[in-house]
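For clarity, every value in this text was computed on a predicted model and none was experimentally measured. Below, chain A is the first sequence line, B the second, and so on; all start at residue 1.
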Amino acid sequence: MKLATWNVNSLKVRLPQVLDWLARQQPAVLCLQETKLEDHAFPLAEIAAAGYRAVWHGQKTYNGVAILCRDEAVDVSRAIPNFDDPQARLIAATVDGVRVVCGYFPNGQAVASDKYEYKLRWLAALRTYLVTEMSHHDRLALLGDFNIAPEDRDVYDPVAWRDQILCSPKERAAFADLLGLGFKDAFRLFEQAERSFSWWDYRMMAFRRNHGLRIDHILLSPDLASACRTCSIDREPRRLERPSDHAPVVAELC
DNA sequence: ATGGCTTGAGTGTCAAGA
């Protein structure tokens, strides 16, 4: 069973790339972030024609998340319970006995900004929610754009990024806190090339220079982690014309 | 140098991303 996550930066623009990628990779589950579509505009017909079902949670202009899956998605929940959030950043569903939580974590803009405070509150609410989810689901996966580079090795220039947004100690502590619940970072279960990243700025030829960050992650509960056989970042879509600035991350479970 | 691209909004040019 293949689980994947991809921040597509507009599903409207990237739909042909998503359909191509589904046909090639055939994942059981693909979590999407930054769909940037209102719910009525979600392209269900095209996705269904590709052999996938979908559940989604969107809004105008910004944010928006979706879970595409081969089999039925049940027990769908949209947004973090008990957290008043006007932004469409989370959707969860159970697929093939796996509880899938798809999140588009806040960016935070700058340390000490209002958006940073919102990011920290969002992370605290997510943690509370995941404690509950873990108590109900042994097979639990959290996938998405975390907007956190967990360690210096996840950053192309750790000195320049020290204490900056996506790398600040409080953000990294929140990530470590999720690992403290028992989650494993699927990517780090395996030997990986140095300087492996999942996002590269559109500007300054950042992709060609591999000036990136690893901010898209797949976290697995202990049961799923022991079933995980590979985890990799697929840089191919980043090479296409009009790419998303993020690459898909894929984990294979047995 | 707070820029550099890209998207969505909307038809000017800005907000937001990371």
So if I take every side-chain heavy atom of A/Met204 and compare against B/dG4, B/dG17, B/dT6, which nucleotide ends up nearest?
B/dG4
Tell me if the NZ atom of A/Lys2 is crowded by more than 12 foreign heavy atoms within 6.0 Å.
yes
Which ILVMFWY residues can you reach from A/Tyr52 by hopping between side chains whose heavy atoms are under 4.5 Å apart?
A/Trp6, A/Val8, A/Leu11, A/Leu15, A/Val18, A/Leu19, A/Trp21, A/Leu22, A/Leu30, A/Leu32, A/Leu37, A/Phe42, A/Leu44, A/Ile47, A/Trp56, A/Leu68, A/Val250
By nearest atom, which of the nucleotides B/dA18, B/dA16, B/dT7 is closest to the A/Asn9 side chain?
B/dT7
Can you tabulate the close N/O pairs, meaning under 3.5 Å, that link protein atoms to atoms of nucleotides 9-14 of chain B?
residue	atom	partner	partner atom	Å
B/dA9	OP1	A/Thr61	OG1	3.2

Identify, with sequence neighbours excluded, every residue that meets salt bridge (charged side-chain N to carboxylate O under 4.0 Å, His left out) alongside A/Arg24.
none
Once you apply a heavy-atom cut-off of 4.0 Å, does A/Asp145 come out as touching a base, just sugar-phosphate, or nothing?
sugar-phosphate
Using a cut-off of 4.0 Å on non-hydrogen atoms, how would the nucleic acid contact of A/Gln164 be classed: base, sugar-phosphate, or nothing?
nothing
Identify, between A/Pro106 and A/Ser10, the residue whose nearest nucleotide on DNA chain B lies closer to the 5' end.
A/Ser10
Does B/dA18 have OP1 or OP2 sitting under 4.0 Å from an N or O in the side chain of A/Asn7?
yes
Given the rule that I, L, V, M, F, W and Y join up when any side-chain heavy atoms are under 4.5 Å apart, are A/Phe83 and A/Val76 in one cluster?
no
Whole-angstrom distance between B/dG12 and B/dA1, as gauged at atom P
34 Å
With sequence neighbours excluded, tell me which residues meet salt bridge (charged side-chain N to carboxylate O under 4.0 Å, His left out) with A/Glu151.
A/Arg153
Quick check on B/dA18: is either OP1 or OP2 less than 4.0 Å from any side-chain nitrogen or oxygen of A/Lys115?
no
In residues 235-250 of chain A, what residues come within less than 4.0 Å of DNA chain B, judged by heavy atoms?
A/Arg242, A/His246
With heavy-atom distances below 4.5 Å as the criterion, would you say the side chains of A/Phe183 and A/Met134 are in contact?
yes
Comparing A/Trp199 and A/Val13 on DNA chain B - which has the more 5′ nearest nucleotide:
A/Val13
Within 6.0 angstrom of A/Arg239 CZ, more than 12 heavy atoms from elsewhere:
yes
Base, sugar-phosphate or nothing for A/Ile165? Non-hydrogen atoms, less than 4.0 Å.
nothing
Classify the side chain of A/Asn147 and the base of B/dA18 as holding, or not holding, a donor-acceptor pair under 3.5 Å.
no
Counterpart residues, ring-ring contact (aromatic ring centres under 6.0 Å, His included), relative to A/His137 (two or more places apart):
none
Spacing of the P atoms in B/dG10 and B/dT6 (rounded, Å):
22 Å
Check every strand shown and say whether A/Tyr104 touches a base, only sugar-phosphate, or nothing at a heavy-atom separation below 4.0 Å.
sugar-phosphate
